[in-house]
Amino acid sequence: MAASSTTPSALPSTSAADAVARLTAKADEEAGAGAASVTAEAEAEAYERTHVHGVYEAIAPHFSATRYKPWPAVASFLRAQPRGAIGLDVGCGNGKYLGVNPDVFMVGSDRSPSLIALARSRCKQLQFQQGLAAGAGTGGDVGGAAVGTDVLVADGLSLPFRERAADFVICVAVIHHMSTRARRQDAIRQLLRCVQPGEAGRNGGRVLVYVWALEQATSRRGWDKGGEQDLLVPWVLKSQQKQRREQKGIRDHGAVGDTPGSKSGDRPPSPAATSAEPGAGPSQTDPVFQRYYHLYREGELEEDVLAAGGVVVSSGYEKDNWWVVAANGPVHP
Amino acid sequence: MKVLTLNFLTCAVKTCKSSANSFPLHPKDAELVSDDVELNPQLLVNLLPRIDWNALRITSTELGFPQLPEQPPTAEELQSDEKMLKDLHTLLMETQINEGKLVCGNCGHEYAVREGIANFLLPSHLV
Ligand SMILES: [Zn+2]
């Protein structure tokens, strides 16, 4: 099946890399349906399978190696949570936020089984390190990261968390991968369901959402107000040798096919962990994966929170991203 | 997957959410493993009010652990009862379902757990 045949016409289309097409075909086989579906919802799903899920499955280790450093604003949101709080990280990727606050219990979910497998071994590693530290009498805080974490595979639109189970939820760089506004709002609705609603005299749980911004005037990507909001952004899976050779160029120019975080130093020193822009000279043999993004314009994220039935507690812009802290029900000062 | 996590999970099928039968999910053919985790009494005490105690009693029995009391301990009781702290710690924090299935009591769908990771992706006819 050609990947573009199920592409909703309003969405950007491209001839996807062979590997993605293969993954998509495989996913269709497994789902036992796919191509025959005619509804818009099924088309949006198929589109995301090709341009989001299939890509992350294929690039998981490479992607994970470039995503090891928590965003400061997300980390401080996590550290502000009280001891014993229950948190969810929806779209947790390799789980880089799961160990940030060792006094809370966090469950991470992601659509990509490959990323979740990486997240799990990462948690195990943390647990081992914590154990050593505690054994040597240096790990003041008993338990630590891995003790309070768990991971599972789930779709953001069909989450398995029971209603109101969590004290807080984070969802970083996820919602912008949903290809229709209805799906983006539904995704936010699912997050809000997971936290305690506020009541008279008592605040409920908080949901932190980060999405990529359209307004990136200071970034090399050149996107800005008034531009196209629905894009396919390439991720070039470079061979190790090439990466070493071109490392300097990448450092100079940065990477186009990169998710939020790249500008905040979210890049390891290792040459094995770089993504590249087309201009950096990928050869014909480097597979290029096209990830779908909806770039949020100013105010749009708040609109989506309201449409999802939530309340905007605070919102802002940070390093090419819009963020919002939302609540489910009334908010007290 | 930790037993504690199971206490926060229900069926991923939308139409099951409103049914009381979808929570807790029921372990089936569960192979348990135990991780050595250092006891953190304060964390346990603070977690207590977030736990659905009835669901935990069901899970505990289904996994072959001794029956839990009908009512959850108060924070004070838990803090001063070292055995209960230890037992709860073992059950919630150390015990993991490594292989097996989690079954929804409403729709009967079975979610696989492999190498400690539960998979809640739904086949297209259940989405
Ligand atoms: Zn069900």
Side-chain angles (χ1 to χ4, degrees), chain A residues 28 30-34 37 41-42 45-46 53 82-86 88 102-107 109 111-113 116-117 119-121 123-124 127 130-131 134-135 139 141-144 146-155 157-167 190 193-194 196, chain B residues 1-18 20 22-25 35-52 55 75 89 92-94 96-98 102 104 109 111-127:
Chain A
D28 279 345
E30 281 166 7
S37 306
E41 190 65 11
E45 269 177 52
H53 311 148
R83 181 181 274 219
I86 306 294
L88 306 176
D103 290 327
V104 302
F105 184 77
M106 276 189 82
V107 180
S109 73
R111 183 71 178 64
S112 163
I116 283 297
R120 183 169 157 85
S121 37
C123 287
K124 288 231 161 208
Q127 183 170 341
Q130 293 272 339
D141 220 5
V142 181
V147 173
T149 65
D150 214 339
V151 292
L152 51 86
V153 178
D155 190 293
L157 294 175
S158 297
L159 290 173
F161 303 115
R162 78 167 143 92
E163 212 166 314
R164 306 173 178 201
D167 296 287
Q190 303 307 316
R193 283 173 56 103
C194 295
Q196 285 281 346
Chain B
M1 190 180 65
K2 290 180 195 288
V3 170
L4 176 59
T5 305
L6 191 51
N7 198 259
F8 303 120
L9 298 179
T10 179
C11 185
V13 177
K14 278 203 176 68
T15 49
C16 284
K17 304 269 190 212
S18 55
S22 65
F23 175 77
L25 298 171
D35 268 3
D36 219 359
V37 174
E38 217 160 325
L39 179 68
N40 185 342
Q42 198 52 51
L43 181 64
L44 267 184
V45 167
N46 290 353
L47 278 173
L48 194 61
R50 276 110 173 155
I51 290 169
D52 186 309
H89 173 72
L92 293 170
M93 294 297 193
E94 295 193 318
Q96 305 211 30
I97 299 177
N98 196 47
L102 300 170
C104 171
H109 188 67
Y111 299 96
V113 183
R114 288 197 197 101
E115 293 176 15
I117 299 174
N119 188 326
F120 288 92
L121 297 183
L122 295 168
S124 51
H125 69 278
L126 285 180
V127 173

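Worth knowing before you read on, the calculation uses all heavy atoms, side chains too, and leaves out hydrogens, waters and symmetry mates. Please read all numbers here as calculations on a predicted model, not as lab measurements. Throughout, a chain's letter reflects where its sequence line sits, starting with A, and its residues are numbered from 1.
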note = In terms of heavy-atom pairs under 4.5 Å with chain B, the winner among A:P160, A:G84, A:A165 is A:P160
ask   = Do you know which of B:N7, B:V45, B:L122 has the most heavy-atom pairs with chain A at a distance under 4.5 angstrom?
value =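 Between B:N7, B:V45, B:L122, the count favours B:N7.
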task = Determine the option with the most heavy-atom pairs under 4.5 angstrom with chain A, choosing from B:P41, B:S22, B:A118.
result =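 Answer, by heavy-atom pair count under 4.5 Å with chain A: B:A118.
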inquiry  = Looking at every heavy atom in both B:L43 and A:D103, which two are closest together, and how far apart are they?
reply    = CD1-O, 3.2 Å
ask   = Which atom pair, heavy atoms only, marks the closest approach of B:A12 to A:S158?
value =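 Shortest heavy-atom contact: CB-O, 3.4 Å.
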Atom group of [X] that falls short of 4.5 Å from chain B, counting heavy atoms:
{"X": "A:Q190", "answer": "side chain"}
{"X": "A:A85", "answer": "both"}
{"X": "A:R164", "answer": "neither"}

message = Could you go through A:F105 and B:K2, starting from their C-alpha distance and side-chain angles, then the distance that decides it, and tell me whether this counts as side chain to side chain contact (heavy atoms under 4.5 Å, CB included)?
response = CA-CA 11 Å; A:F105 184 77; B:K2 290 180 195 288; 3.9 Å; yes
ask   = Going through the checks in order, is the side chain to side chain contact (heavy atoms under 4.5 Å, CB included) test met by A:L152 and B:N119?
value = CA-CA 6 Å; A:L152 51 86; B:N119 188 326; over 6 Å; no
ask   = Which answer fits B:F8, side chain, backbone, both or neither, if we ask what part of it has an atom under 4.5 Å from a heavy atom of chain A?
value = both
request  = With a 4.5 angstrom heavy-atom cut-off, could you sort out which part of B:E115 is near chain A: side chain, backbone, both or neither?
outcome  =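 Just its backbone gets close to chain A.
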Find the distance between [atom1] ([X]) and [atom2] ([Y]) and round it off to the nearest 0.5 Å.
{"X": "B:Q42", "Y": "A:R83", "atom1": "CD", "atom2": "CZ", "value": "6.0 Å"}
{"X": "B:C11", "Y": "A:R162", "atom1": "SG", "atom2": "CZ", "value": "15.0 Å"}
{"X": "A:H53", "Y": "B:L121", "atom1": "NE2", "atom2": "CG", "value": "8.5 Å"}
{"X": "A:L159", "Y": "B:F120", "atom1": "CG", "atom2": "CZ", "value": "10.5 Å"}

query = Would A:E45 and B:V127 count as a side chain to side chain contact (heavy atoms under 4.5 Å, CB included) if you check the C-alpha gap in whole Å, the side-chain angles of each, and the deciding distance to 0.1 Å?
reply = CA-CA 11 Å; A:E45 269 177 52; B:V127 173; 4.1 Å; yes
